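Heads up: the structure comes next, in structure tokens.
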Protein chains: 2
Amino acid sequence: MHSFSRAFVHPASSPIRELFKYLSDPEMISFAGGYPDKTLFDVEGLREASERAFQDSARCLQYGMTDGISEIKEQAINFMARRGVRAAPENVTVTTGSQQAFDLLLRVMVNEGDVVLVESPTYPNNIQAIRVSGARIVAVPTDRQGLDIDALERTLEDLRARGVRPKLLYTVPTFGNPAGVTLSLERRLRLVALAVQHRFVIAEDDPYSELRFSGVPVESLYALAQRIDGAADWVVHMASLSKILAPGIRVAWSVAPASIAHRCYVAKQSADVGSSPWTQRIASEYLASGRLEPRLELMRQAYGAKCRALSQALRELLPEALDFDEPEGGMFLWARLAAPVDAAALLAKGIEHKVVFVPGAGFHADEPDPATLRVSFTAHSIPRIQEGAVRLQRAWAAARSSAS
Amino acid sequence: MHSFSRAFVHPASSPIRELFKYLSDPEMISFAGGYPDKTLFDVEGLREASERAFQDSARCLQYGMTDGISEIKEQAINFMARRGVRAAPENVTVTTGSQQAFDLLLRVMVNEGDVVLVESPTYPNNIQAIRVSGARIVAVPTDRQGLDIDALERTLEDLRARGVRPKLLYTVPTFGNPAGVTLSLERRLRLVALAVQHRFVIAEDDPYSELRFSGVPVESLYALAQRIDGAADWVVHMASLSKILAPGIRVAWSVAPASIAHRCYVAKQSADVGSSPWTQRIASEYLASGRLEPRLELMRQAYGAKCRALSQALRELLPEALDFDEPEGGMFLWARLAAPVDAAALLAKGIEHKVVFVPGAGFHADEPDPATLRVSFTAHSIPRIQEGAVRLQRAWAAARSSAS
């Protein structure tokens, strides 16, 4: 009856969001969504920030600037300094989560049929966002060190030979979603050089880099690019408070060359006029309070312990069935199942045994690998994580019996 | 250097938002943006709602459902009942302002080159949103009773003769932005019948209908359509708390046939994952508190008095220069200037005399009429409104001297 746009004739909902329906069951142990541990929310700090913000209630309640209120822009600029990035207010667009930052970037950069590069596996909401934009997705493989730069180089040469200039490359270079890996410094430098050479914009999505609990930090692509003449024109950095403060506040921002940032500002006018000045103000009061750093230290310790507990439990309970590297930070453990059990079969049995995770197939922008799965270790307590691993083992045993 | 999408090679910023830069001057009297009067915000009620919401801090701070938390959906459904609309949770998509509701609707309905009908004059952010979507805008004229249905009928026949089925018609039928007029019941019924006959979706944007201070209410298009067999499939209704509670809370919603609403939900996943559950919860607590109705009564009285004060002052001070009808509600007075002064010249002098409004040209989807202007009467006190009218008169005198 209705005539929908091409992308929405048969809409494909997010494979992560589709698992939410199981989460209303209090018995369910979810390793699915990238949910922060709610017991680590700084409720007291946010309550205080909220009270301070509301002392200026008239401004919290009125319309604010489309690209963000001045207070949060100032805090965003301070925050970026800790990542080694210099930014001015005209580089910053405050958004409702970094999902919106990427969506706005697609709007201002991409025409139907343009090529957008993604590392594969990657975050499915952004595969969906690219599809909605009408762009063509070209997947670049990753390995255990992240984006495969040799493969990227070959892809770029191929495209160039066909006269195609890709518009964007989307990457989560630090504790990638879903694979949890971090791109090495050497690969980062090569990636930035390729962006300059082939004139595409790197969309560097970085919600996790503060959540490092082991290993050695690597500089952001944007910070590296700022030290190479002309290179910073080719990087847009997206930062978010969702994973380190609270997702419900929906405050994130992009830092971009001014010509791109100005267009993101215009695009946001017709996207939603502006994000809530109230939650922006709460976020700025919180960031100004100095409470973030000690809270991050707590989160790093807690997530490190959870990650070790999950890794250890999975190695003990499913030594032959699961292959994975233990992450150094972030929220996700990415694993491969040995035959004959695939992730969809394991999930089906998992739901019966009251444990869920996200099958990896939806993260692949090209050939889906049915053996992969993403396990988020952040939301639950260590005893629940261990119980979840036991349930996974039972689900696996049931799936193996069915499969053989 | 960068290669932008077609819509953003030369981005045209909102003519309303571009005036914001003058608002930092405390001496400026702005009749520009559709700002509610900040002294009418129910600060105490919102503070209480905020405290109640935060008693469930873990849910306020965590991710919520993409299409809205259950509490606000329930309140939205109650709210729609007062507009005579029946809705179920699967019809409701909670958004960051109704701007986002329209933007999501464009995404799910419109391909590049499709026709979207708009009444002219209309709200410029939505002209921009349609342009960004790549759709073709076809303007339908309005008169002092709103959308000209005879003209619409001719346009639809023309399109049909060329084999073109329009996808959407965007309208603000009650206290339209900018023209302030309300579509009569008879025209509403004809409009709904045309939508059914020509199979296009009416996007009924209704942020103002609670702000009626004189005259007789007219039923919403959605409510009317629900009483005509099959007609409700062709209406999407957008409601917002921005004008009646507070813009800064950024809570609005659309009510749509389930097949459209489901697609809006999927589109919102990649647009921003979800609006803030925290402000959604504050809004639901506020709506549940029963404080809205008495507050609306205050707003109606205050805005009615402001509207009368502005109208009277303009009739006294600029009797020959300005032609307008006094609105029965909403936030805007729409006027035409007599030659030789046009709205751009008046604004230039207005800025010198510290008064701003929005020239009407940007509201026209077809031929801009340089004589028109939109004057918002809600934000300031009556003495300031009267002072603003005096400044407008001085600015007009100055512009006339320059013009002659």
Side-chain angles (χ1 to χ4, degrees), chain A residues 1-6 8 11 13-14 17 20 33 35 38 41 43 46-47 50 54 57-58 60-66 96-97 99-100 103 107-112 125 128-129 132 165 167 201 233 246-250 259-260 262-263 266-267 269-273 275-279, chain B residues 1-6 8 11 13-14 17 20 33 35 38 41 43 46-47 50 54 57-58 60-66 96-97 99-100 103 107-112 125 128-129 132 165 167 201 233 246-250 259-260 262-263 266-267 269-273 275-279:
Chain A
M1 174 171 60
H2 295 113
S3 167
F4 296 108
S5 63
R6 278 185 291 282
F8 286 94
S13 183
S14 152
R17 291 253 132 187
F20 279 22
Y35 276 43
K38 66 184 180 197
F41 290 145
V43 173
L46 281 161
R47 186 192 307 276
S50 169
F54 209 61
S57 61
C60 288
L61 298 178
Q62 196 55 279
Y63 286 107
M65 293 302 289
T66 296
T96 303
Q99 183 69 43
Q100 188 183 46
D103 194 59
R107 285 194 184 203
V108 308
M109 300 297 298
V110 164
N111 289 314
E112 205 168 326
N125 275 28
Q128 189 190 325
V132 169
R165 173 183 170 191
K167 286 287 184 80
V201 171
D233 289 329
I249 203 161
R250 309 302 301 123
S259 61
I260 296 178
H262 173 70
R263 288 169 169 85
V266 174
Q269 290 174 353
S270 67
D272 67 6
V273 181
S275 301
S276 167
W278 195 350
T279 59
Chain B
M1 172 171 61
H2 296 113
S3 167
F4 296 108
S5 63
R6 276 185 293 281
F8 287 94
S13 184
S14 152
R17 292 255 133 188
F20 279 21
Y35 276 42
K38 66 185 180 196
F41 290 145
V43 173
L46 281 162
R47 187 193 304 277
S50 169
F54 209 61
S57 61
C60 287
L61 298 177
Q62 194 55 277
Y63 286 106
M65 293 302 289
T66 295
T96 302
Q99 183 70 43
Q100 188 182 44
D103 194 60
R107 287 193 184 204
V108 308
M109 300 296 298
V110 165
N111 289 315
E112 202 167 328
N125 274 27
Q128 189 189 328
V132 170
R165 173 182 170 192
K167 286 287 184 79
V201 171
D233 289 330
I249 203 162
R250 308 304 300 122
S259 62
I260 295 179
H262 173 69
R263 286 169 171 85
V266 174
Q269 289 174 353
S270 67
D272 68 7
V273 181
S275 301
S276 168
W278 195 350
T279 59

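Within every chain, numbering begins at 1; the chains are lettered A, B, ... in the order of the sequence lines, protein sequences first and strands thereafter. As a basis for the values below, the full set of heavy atoms in this structure was taken, side chains included, without hydrogen atoms, waters or symmetry mates. The structure presented is a predicted model; accordingly, all values stated were derived computationally and were not measured.
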Under 4.5 Å from any heavy atom of chain A - which part of B/Val273: both
Shortest non-hydrogen separation from B/Ile249 to A/Trp278 and the atoms involved: CD1-CZ3, 4.1 Å
A/Val110 portion near chain B, given a 4.5 angstrom heavy-atom threshold: backbone
B/Ser5 side chain to A/Val108 backbone, donor-acceptor under 3.5 Å: yes
Euclidean distance, A/Asp103 CG relative to B/Ser270 OG, rounded to 0.5 Å: 5.5 Å
Minimum heavy-atom distance A/Pro277-B/Gly248, with the two atoms named: CD-O, 3.4 Å
Nearest non-hydrogen partners of A/Phe4 and B/Ile260, listed with the distance: CE2-CG1, 3.8 Å
Working for side-chain contact (heavy atoms from CB on, under 4.5 Å), residues B/Ser259 and A/His2: CA-CA 9 Å; B/Ser259 62; A/His2 295 113; 3.5 Å; yes
Residues forming a side-chain hydrogen bond (donor to acceptor under 3.5 Å, both in side chains) with A/Ser50, sequence neighbours excluded: none
Residue among A/Gln100, A/Gln62, A/Met109, A/Gln128 with most heavy-atom pairs under 4.5 Å to chain B: A/Gln62
Contacting moiety of B/Phe41, where chain A heavy atoms sit under 4.5 Å: side chain
Heavy-atom pair count under 4.5 Å with chain B, highest-scoring of A/Met65, A/Lys38, A/Arg6: A/Arg6
Stepwise side-chain contact (heavy atoms from CB on, under 4.5 Å) check, B/Ser275 with A/Arg250: CA-CA 7 Å; B/Ser275 301; A/Arg250 309 302 301 123; 5.9 Å; no
Minimum-distance pair of heavy atoms, taken over all atoms of B/Leu61 and A/Pro247: O-CD, 3.0 Å
Spacing of A/Asp272 atom CG and B/Asn125 atom CG [to the nearest 0.5 Å]: 10.0 Å
Choice from A/Arg47, A/His262, A/Glu112 maximising heavy atom contacts with chain B below 4.5 Å: A/Arg47
For A/Arg165, all residues meeting salt bridge (charged side-chain N to carboxylate O under 4.0 Å, His left out), sequence neighbours excluded: none
Contact summary for B/Val266 and A/Phe8, nearest pair of heavy atoms: CG1-CE2, 4.0 Å
